Amino acid sequence: MTATHDIIIIGAGAAGLMCAATAGKRGRRVLLLERADRPGKKILISGGGRCNFTNLHVRPECYLSANAHFARSALARYTPRDFLDLVERHGIAWHEKTLGQLFCDGSARQIVDMLLDECGQGAVDLRCEAEIGNIAHADGLFSLNAGSDTVCAPSLVIATGGPSIPKMGATGYAYDLARQFGLKVVEPRPALVPLTLGGEEALFRELTGISADVSARAGKTRFREAALFTHRGLSGPAILQISSYWRKGDTIGIDFLPDHQGDWLLAAKRDQPRSTLSAQLRAALPHRLADALAERIALGGELGNLSDKTLRAAEQRLGDWPFCPNGSEGYAKAEVTIGGISTAELSSKTMEARKLPGLFAIGEAVDVTGWLGGYNFHWAWASGVAAGLAA
Ligand code: FDA
């Protein structure tokens with residue numbers, strides 16, 4: 001059998017498109033196979049339609065993986081500035097929203113069009129609605145049936161993402177393929193996902209729709225962003241971030257007053273002895289939230305009549321309010337998947353499988369998961385470029 005292409009990439013999402021463009025522009029004959037009717041569907045819905053395409057603060061510490069160092073090499077070789085240069089070369093206007101998060105001024109469609117244009121420059125053969133049959137590997141070539149064609153190439157790139165948002169067609173296909181070729185998979189679970197509350201804590205449902213600027217903690221990891229009460233539990237950026245560090249059975253802590261210095265209630269007792277906890281909280285938080293917290297702490301009466309010990313205990317609780325989520329909203333609502341194809345199987349420089357040269361895995365399919373805020377697309381770009389330069 002002779003090769004029809006140099007590289008076959010399965011999945012025309014963020015990572016697959018970037019990999020295809022990079023390899024194509026190097027003169028490689030690239031076939032990019034996509035099951036959906038068009039490429040880059042998750043890019044199109046990302047960032048509220050404006051695609052949070054990277055983050056100025058990308059660094060390896062912003063990624064979770066069984067090997068915390070794995071992402072280092074690819075991220076060092078393809079930086080946010082590199083992606084911004086590409087965006088600017090294509091005349092796409094952008095802005096920083098907050099915390100280094102970069103968005104298109106216009107629409108996420110511009111990012112997909114940019115990547116398709118780059119693929120065009122590399123003469124990438126993109127085929128959508130591709131139903132891929134069995135994939136075989138023999139004599140150094142990967143071969144598969146795509147529709148009525150049999151195609152084969154010495155390099156195969158797995159770029160089919162993770163199972164988050166199944167209603168968009170997301171599945172664990174990447175893991176099945178990896179296992180077929182003997183690669184290990186780190187148990188996947190939903191990440192950047194709202195958490196659900198039950199039992200006594202379900203009483204917080206009365207606060208549905210209320211959000212506050214908090215500091216959320218899981219273990220020693222903290223995120224200072226907004227949290228939102230929902231009819232099922234907790235959401236908002238601070239909770240989505242912390243969900244990636246949370247395991248079932250763990251408690252998370254919420255600091256509802258992250259700007260308040262220690263002993264602030266004692267200071268309030270001294271300066272306003274006739275004030276109440278509820279009044280103090282109302283000055284800093286949405287009133288319904290303030291009242292709900294004050295009611296649960298149940299410090300009756302004026303601050304001047306309460307002991308310092310009681311006030312310190314209240315402060316402590318407000319600064320690290322424990323919630324024990326009974327679960328998460330699962331893949332249906334998870335922005336990404338944690339876990340995936342084990343990094344121990346891959347070269348961190350090229351994303352190539354150590355056991356099977358010619359096989360590559362990139363993007364969300366791999367056990368590298370970023371924080372909320374453009375970090376996951378940046379991993380897709382960086383890992384896509386790493387494989388595109390090597391395959
Ligand atoms: P991705 O899922 O993008 O692409 C995989 C591709 O493979 C898809 O096109 C799929 O159809 C295709 N495929 C799957 N199985 C196949 C098969 N058997 N045969 C052929 N093709 C197959 N991140 C970020 O950094 N900034 C943001 O603003 C957002 N916003 C956001 C919003 C929402 C609602 C979600 C769900 C996610 C985000 N993300 C994000 C996360 C981001 O979308 C995600 O990290 C990347 O899309 C991952 O890129 P991949 O290319 O790895 O997978």
Side-chain angles (χ1 to χ4, degrees), residues 8-20 31-55 58 62-63 80 83 97 99-104 107-108 111-112 115 126-135 144-147 156-177 180 190-194 237 240 244 329 331-338 340-341 351 360-385 387-388:
I8 299 172
I9 302 171
I10 309 184
L17 286 163
M18 193 62 164
C19 181
L31 174 63
L32 178 55
L33 296 173
E34 168 57 49
R35 192 183 45 194
D37 57 356
R38 55 206 158 110
K41 278 192 166 177
K42 272 195 187 166
I43 302 177
L44 291 173
I45 60 159
S46 68
R50 290 223 164 92
C51 186
N52 178 191
F53 54 76
T54 189
N55 193 296
V58 161
C62 306
Y63 292 84
F83 194 77
K97 197 166 173 190
L99 302 171
Q101 301 166 6
L102 305 189
F103 287 75
C104 299
S107 125
I111 297 294
V112 175
L115 293 167
L126 167 64
R127 301 187 198 169
C128 292
E129 297 182 313
E131 278 310 323
I132 296 169
N134 246 1
I135 303 184
L144 56 91
N145 290 327
L156 179 79
V157 182
I158 304 173
T160 51
S164 50
I165 320 285
K167 75 168 189 245
M168 290 187 71
T171 65
Y173 179 82
Y175 313 146
D176 298 340
L177 209 50
Q180 178 193 330
L192 299 183
V193 63
L240 299 186
S244 300
E329 293 199 31
Y331 287 121
K333 289 282 167 64
E335 201 163 301
V336 287
T337 306
I338 262 188
I341 299 171
M351 307 293 135
F360 295 76
I362 55 175
E364 194 178 326
V366 177
D367 173 31
V368 173
T369 308
W371 289 355
L372 185 77
Y375 296 94
N376 284 297
F377 277 138
H378 198 82
W379 170 246
W381 317 138
S383 59
V385 167

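In listed order, ligands and their atoms are each counted from 1. Just so we're clear, the structure is a prediction, and the values are computed from it rather than from any experiment.
- Residue contacts with ligand 1: E34 is placed with a nitrogen or oxygen under 3.5 Å of a nitrogen or oxygen of the ligand (distance criterion only).
- At a 3.5 angstrom cut-off on N or O pairs, V336 does not count as close to ligand 1.
- Annotation: A15 places an N or O atom under 3.5 Å from an N or O atom of ligand 1; distance criterion only.
- Polar contact with ligand 1: absent for G373 (N/O pair, distance under 3.5 Å).
- Summarising the geometry, atom CG belonging to N55 is positioned 6.5 Å from atom CG belonging to L102; distances are rounded to the nearest 0.5 Å.
- Checked by atom type and distance alone, the side chain of D37 never pairs as donor or acceptor with a backbone atom of E129 at under 3.5 Å.
- When only interatomic distances are considered, the shortest N/O to N/O separation between F377 and ligand 1 falls below 3.5 Å.
- Under a 4.0 angstrom heavy-atom cut-off, G169 registers as lying outside contact with ligand 1.
- The distance criterion of under 3.5 Å between nitrogen or oxygen atoms is not met by H378 with respect to ligand 1.
- In this structure, the protein non-hydrogen atom closest to atom 21 (N) of ligand 1 is R35 N, 3.1 Å.
- Polar contact with ligand 1: present for N52 (N/O pair, distance under 3.5 Å).
- Some N or O of E364 is nearer than 3.5 Å to an N or O of ligand 1, by distance alone.
- In the candidate list L17, T160, L44, T160 is nearest to atom 13 (N) of ligand 1, counting heavy atoms.
- Atoms of ligand 1 lying under 4.0 Å from any heavy atom of I165, numbered from 1 in the order shown and given with element: 36 (C).
- Within the structure, the closest approach of G374 to ligand 1 falls below 4.0 Å when heavy atoms are considered.
- Aromatic rings from W379 and Y375 are positioned such that their centres are separated by 6.0 Å or more.
- Nearest heavy-atom pair across L372 and L192 is N-CD2, 3.8 Å.
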